[in-house]
Amino acid sequence: MSPLLLGEQLAETAGILKKVAPFYLLDQNVLESIAAKSMLRNFPKGTYVFRQGDLSLHALFVIISGSAEILILNEQDNEVFVGKRQELEFFGETVFLSEEPYPASVRAEEDLVCCVISHALFETELAHITEFTNAFSRILADRMRTLYNALLFDAGQDRLTIEQPMRQRVASLMSTPPITCRPQDDIAALARQMSTMGISSLVVVSDAGLTLGIITKRDLVEKVLTRDDYSKRMTASDIMSKNLLTVAPEAFYFEALLLMVENKVKHLVVIDNQKLVGIVTIRDLTISRSVGALSIVKSIENQDSLTGLAKASVEIDLVLQALVAERATSREILQIVTEFFDRLTRRVIRVCEQEMIAEGHGLPPVAYGWLTMGSSGRYEQFMKTDQDNAIIYENVPADMEEEVANYFHRLAEKVVDGLCRCGFARCKGNVVASNPFWCRSFDGWRHVINGWINKLEPQNVRMMTIFLDFRHVY
């Protein structure tokens, strides 16, 4: 551990603390005092800052650079990933103010540099600043609740992480570190490497560490062995797939599965803060698959009729039941169920677009967006409530306005009816895109919104509060 230096490094550290919640509430003099009296500590990748069960170090660790994994031990003494902390976040707060041992371990996911603020310094410099301590207490309470839920779930629901893995994160499924190669590497050598290591893909990276593409066994067959001149020397850059599909390590299992199903691929590259951290394959997902989740994904994405989608929508209720059984938090339930409802809505719109074409109305004449509002717009929908939706379409010349408006009104009626068939009732207040009031051009919406703002009558305020929940879905 080394003390902070004066001058530029002190100012730089104070500037970094200014970006960290709730330290941004402090004035510059206090920040510089904290930086001057704290320590900088380096943790190489893979090393532990502290382990579960260690006595409190009475210190708060603010990440200057790098990232850290939060891990807990389950009943089988296996480490379980429950979260991470990145630059401009802090950790160690759970026992910062107590003599209790750490309830979780923290390990450097990559080379880590932390500003270490002692409890004594906290007491002398910060405890009297009410706004700061109140904000810190709120963050502490929220994180303790999250950790408690993770411990509770893991203690009693180990079996469900296999049977019902929808809450699993990609970070717990991916292979890390990913096996990589350079664009100039010889294909024959890479094929031998894949065979020897028993892997199905290699990620191609530049000398600077940038992710360039991916090579799979399928690429070797289709792009090398099927060529007449396959004996000619070829390199990774000759056959790699450049259109990479990526996923974040904190993404849910089902989100990775949806990406694979939609794009007909078997590999996803895991990227965190623009850095390559792992790879997840269809095999990784199917080993811990949920038959219910897989069938729902297929049911929604493969339907080509409203009748089929209405049947598939019933299965989403099974997701909700599974999440409740898994003791998922309300935030997780809302996030996952909303995602399924969004997928269902997008599929209903695509089917209705195809119906418009089949009936001779053609493709949408201009670009448009489908907006959802209300509880769905706020990511708070966990059951099939009534609809609140709208359409915004591209501005068109005056002589085209009526024709374009008629097209979208007709399309909106189909979509609203389709969602009704899937269990989402029409809004009793008629806040639906099939109502011409909620289906307008960009300039049309600007005109209406300006009217609401300039004339704050009760009805206008009501309309504005409904609209301001909007979220773009399609």
Side-chain angles (χ1 to χ4, degrees), residues 1-5 9-10 12-14 16-23 31 34-74 77-123 125-126 136-137 139-151 154 169 171-172 174 176-177 248-250 270 272-273 275 277-278:
M1 185 179 289
S2 59
L4 293 176
L5 301 178
Q9 190 175 16
L10 176 60
E12 180 182 355
T13 304
I16 292 173
L17 289 175
K18 184 68 175 177
K19 301 176 183 178
V20 179
F23 290 89
L31 289 170
I34 293 295
K37 298 172 183 176
S38 298
M39 297 286 186
L40 282 184
R41 188 166 181 184
N42 301 305
F43 299 93
K45 177 180 178 180
T47 60
Y48 286 81
V49 181
F50 49 76
R51 292 180 183 268
Q52 183 174 332
D54 288 351
L55 293 179
S56 173
L57 297 173
H58 302 293
L60 195 68
F61 297 80
V62 180
I63 299 181
I64 304 298
S65 65
S67 62
E69 300 173 302
I70 313 296
L71 309 165
I72 62 173
L73 292 173
N74 61 18
D77 284 334
N78 296 319
E79 286 188 326
V80 178
F81 174 88
V82 296
K84 67 183 298 182
R85 298 288 182 265
Q86 304 184 77
E87 290 181 13
L88 306 183
E89 295 183 332
F90 61 81
F91 60 88
E93 73 286 345
T94 51
V95 295
F96 182 48
L97 306 176
S98 75
E99 300 288 338
E100 297 298 317
Y102 286 103
S105 301
V106 173
R107 183 173 62 198
E109 185 180 42
E110 53 189 351
D111 290 344
L112 188 65
V113 179
C114 295
C115 175
V116 184
I117 302 173
S118 69
H119 175 255
L121 181 60
F122 186 93
E123 286 290 312
E125 298 278 348
L126 302 175
F136 183 82
S137 296
I139 294 173
L140 179 61
D142 184 62
R143 290 188 177 179
M144 287 294 288
R145 188 181 304 111
T146 300
L147 182 60
Y148 171 77
N149 287 336
L151 287 164
D154 192 74
R169 306 285 183 168
S172 66
M174 68 183 184
T176 186
E250 63 271 18
V270 186
D272 186 25
N273 284 338
K275 295 181 180 178
V277 295

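Note that the numbering runs from 1 along the sequence shown for the chain. Because only heavy atoms are used, hydrogens play no part in the values below, and waters and symmetry mates are left out as well, while side chains stay in.
Taking CD1 from Ile70 and OG from Ser105, the interatomic distance works out to 9.0 Å, rounded to the nearest 0.5 Å. Distance check, rounded to the nearest 0.5 Å: CG of Leu40 to SG of Cys114 gives 9.0 Å. With rounding to the nearest 0.5 angstrom, the CZ atom of Arg85 is 12.5 Å from the CG atom of Leu112.
Residues Ala21 and Phe90 share a closest heavy-atom pair of O-CE2, 3.1 Å. Closest of all the heavy-atom pairs between Ala68 and Val106 is CB-CG1, 3.7 Å. The two atoms that bring Ile34 and Ile117 nearest to each other are CG2-CD1, 3.8 Å, heavy atoms only. Gly92 approaches Leu60 most closely through the heavy-atom pair C-CD1, 4.4 Å. Across all non-hydrogen atoms, the minimal contact from Ala104 to Ile72 is CB-CG2, 3.7 Å. Here the shortest heavy-atom pairing between Val116 and Ser38 reads O-CB, 3.3 Å.
Leu71 is not listed as a side-chain neighbour of Gln52, based on a closest heavy-atom distance of 4.5 Å or more.
Tyr102 meets the ring-ring contact (aromatic ring centres under 6.0 Å, His included) test with Phe50; sequence neighbours excluded. Annotation: side chain to side chain contact (heavy atoms under 4.5 Å, CB included) contacts of Leu31 (sequence neighbours excluded): Ala14, Leu17, Lys18, Phe23, Leu26, Gln28. Under the side-chain hydrogen bond (donor to acceptor under 3.5 Å, both in side chains) criterion, Gln86 pairs with Asn273, not counting sequence neighbours. Taking Ser67 as the reference, Glu109, Glu110 meet the side-chain hydrogen bond (donor to acceptor under 3.5 Å, both in side chains) condition, with sequence neighbours excluded. Every residue two or more places apart in sequence or in another chain that forms a side chain to side chain contact (heavy atoms under 4.5 Å, CB included) with Ser65 is listed here: Glu87, Val113.
Applying the salt bridge (charged side-chain N to carboxylate O under 4.0 Å, His left out) definition to pairs two or more places apart or across chains, those involving residues 56-69 are Glu69-Arg107. Identified under the salt bridge (charged side-chain N to carboxylate O under 4.0 Å, His left out) test for residues 42-52, with sequence neighbours left out: none.
Remark: side-chain polar atoms of Ser172 are paired, donor with acceptor, to backbone N or O of Arg169 under 3.5 angstrom.
In this pair, Phe91 and Phe61 present their aromatic rings parallel. The plane angle is below 30°, not in the 30 to 60° band.
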request  = Just do the side-chain contact (heavy atoms from CB on, under 4.5 Å) check on Asn42 and Asp111 with the steps written out, would you?
outcome  = CA-CA 7 Å; Asn42 301 305; Asp111 290 344; over 6 Å; no

